[in-house]
Q: 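I'd like to ask you about the structure that follows.
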Amino acid sequence: MATICPVALLHQEANTSLLKIRSAKTLAESSKLTSIPSHCTFTNSTSGDQAVHPDHDDSIPIIDFSLLSSGDPDQRSKVVSHLAKACQDWGFFMVINHGVPESQMKAMVNMLTGFFDLTEEEKMEFKGKHVLDPIRCGTSFNASVHKVFSRRDFLRVSVHPKFHCPTKPEGFSEVLTEYSGAVRKLARGLLKGISESLGLEPGYIDKAMNMDSSLQILAANLYPPCLQPELTMGAPPHADHGLLTIVLQNGIGGLQVHHDGKWVEIDPIPNAFLVYTGDHLKILSNGKYKSVLHRAVVNDKATRISIALSNGPSPDTVITPVEQLVDGKNNRAMHIGMKYKDFLELQQSIVLNGKSGLDGVIIQPELSELQHSSVLYGKNRAF
Ligand code: OGA
Ligand code: NI
């Protein structure tokens, strides 16, 4: 039987009768899509491994945010040391009792479902022309450089310090304003605990990173079910820029984080957020805290939607390792200072040069290479 691959279809778009099928979603819904040929699949040759379930002795950290804001100093210091361990050992944690109302989370999932359900013609309006446009949607796949084919529909929107939002579906702007505000508040609360966990004043990171003007970017993804999920990858391994990425999903799992040399599956907990610590927390902490590698796999049954909000410093802030965490001997500064916006532009230029795999903002080259090395374009740890 002839097989049709979603990526191949995208490449062959001009000479097929499926000219109008452009997104991963519509491709998955196409009745002609039967299986994925081998030339069109994710190869595990570099990452090489199946994911495992978390160990009982080394379970995924769960942070109860309500204890962090409780007046009880004992409770607070327990959570702070829990946070330190999570950031140091994993670079990842789940957060419960976070104060973001369930109704706002549901409304976001509904809005994004509605957005991805818009017709291709309607979505055209939000495609964006340049990778740094404040609103941009599309289908992400890459075939040419890393031999990794990923497929997902995505929407990227810059929501702070200046708020942007697609005009469809109706009501999106109100829902996104409320939700992104609530998540910013959560991020700032977590950063207080993280500051303390580094032995700094609770407000240190907030002030040093000018969080009143923090750059917050929505990165939503839709991964349709896939007939041969074991052969493809929703989002290839990468780490996120910024301080904290806070992710909501529609109850369907698929995220895996790299921990102790293995890919670990993250089973969803209802109403909990997933939190990755990003590259700029790694820089600030002079490498004490991780910037975790993660990836998303797809399944053959249900559509997964993930709604990430990346919370970074203000674009003009120069990020360097915190002075107190650096000395001239054992803890030399591992990174030079760079403005957050310059970092993002540099990262984009790498993507635009065709040396990186996906659609830009979330792909993270190794910082030391990015900042120190002349082989800037050659190596990219994301793959
Ligand atoms: C991201 C990301 C993975 C997911 O948006 O940075 O890694 O959970 N998403 O789908
Ligand atoms: Ni990511």
Side-chain angles (χ1 to χ4, degrees), residues 24-25 42 47 51 60 90-95 105 108-109 112-113 115-116 131 136-142 148 150-159 180 183 187 215-226 229 232-259 263-269 272-282 290-299 302-312 344 347-348 351 356-365 367 380-383:
K25 182 168 179 290
F42 174 78
S47 49
I60 287 161
W90 285 81
F92 175 81
F93 53 89
M94 313 267 262
V95 58
M105 297 167 78
M108 269 303 277
V109 172
L112 267 306
T113 306
F115 179 85
F116 288 122
V131 279
R136 208 161 51 84
C137 71
T139 297
S140 175
F141 58 94
N142 178 278
V148 174
S150 56
R151 48 194 293 269
R152 57 178 168 160
D153 292 345
F154 68 85
L155 172 65
R156 300 278 176 272
V157 184
S158 186
V159 292
S180 59
V183 170
L215 182 62
Q216 192 184 34
I217 301 168
L218 169 76
N221 300 304
L222 177 140
Y223 307 93
C226 178
T232 190
M233 184 58 63
H238 67 278
D240 293 353
H241 61 75
L243 300 165
L244 296 174
T245 305
I246 299 184
V247 182
L248 159 68
Q249 19 177 34
N250 64 340
I252 308 293
L255 183 84
Q256 300 177 351
V257 298
H258 204 243
H259 176 68
W263 287 104
V264 179
E265 278 181 27
I266 306 297
D267 292 329
I269 301 180
F273 285 117
L274 315 177
V275 182
Y276 321 117
T277 59
D279 284 325
H280 291 84
L281 207 54
K282 181 178 166 186
K290 283 201 164 72
S291 163
V292 70
L293 271 186
H294 51 281
R295 68 185 188 184
V297 297
V298 290
N299 71 77
T303 295
R304 173 166 182 263
I305 292 181
S306 73
I307 303 168
L309 274 169
S310 144
N311 297 273
L344 294 177
Q347 193 180 51
Q348 287 304 338
V351 174
S356 186
L358 271 179
D359 48 279
V361 198
I362 62 166
I363 298 300
Q364 197 59 70
L367 288 164
N380 181 335
R381 75 160 184 225
F383 299 94

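Read the numbers this way: they start at 1 and go in the same order the structure lists the ligands and their atoms. Note that the structure is predicted; figures quoted are calculated from it, not measured.
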Q: I'd like to know if Leu255 contacts ligand 1, where contact means a heavy-atom distance under 4.0 Å to any ligand atom.
A: yes
Q: So is Arg304 close enough to ligand 1, meaning a heavy atom under 4.0 angstrom away?
A: yes
Q: Could you tell me the separation between the CG atom of Leu281 and the OG atom of Ser291, rounded to the nearest 0.5 Å?
A: 9.0 Å
Q: Touching ligand 1 at all, His238? Heavy atoms, strictly under 4.0 Å?
A: yes
Q: Rounded to the nearest 0.5 Å, what's the gap from CD1 on Ile266 to CD on Gln249? Could you check?
A: 9.0 Å
Q: Under a 4.0 angstrom heavy-atom cut-off, which atoms of ligand 1 come close to Ser306?
A: 4 (C), 8 (O), 10 (O)
Q: Would you give the length of the straight line joining atom OG of Ser158 to atom CG of Leu215, rounded to the nearest 0.5 angstrom?
A: 5.0 Å
Q: Any nitrogen or oxygen of Asp240, side chain or backbone, less than 3.5 Å from one on ligand 1?
A: yes
Q: My understanding is that only residues two or more places apart in sequence, or in another chain, count here; which of them pass ring-ring contact (aromatic ring centres under 6.0 Å, His included) with Tyr276?
A: Phe92, His294
Q: Among residues at least two apart in sequence or on other chains, which ones pass side chain to side chain donor-acceptor pair (under 3.5 Å) with Gln216?
A: Arg184, Asn311
Q: Heavy atoms only, cut-off 4.0 Å: how does His294 contact ligand 1, side chain, backbone, both, or neither?
A: side chain
Q: Can you check whether Thr277 reaches Phe93 side chain to side chain, under 4.5 Å on heavy atoms?
A: yes
Q: Calculate the angle formed at the Ni ion (ligand 2) by NE2 in His294 and OD1 in Asp240; 10° precision is enough.
A: 90°
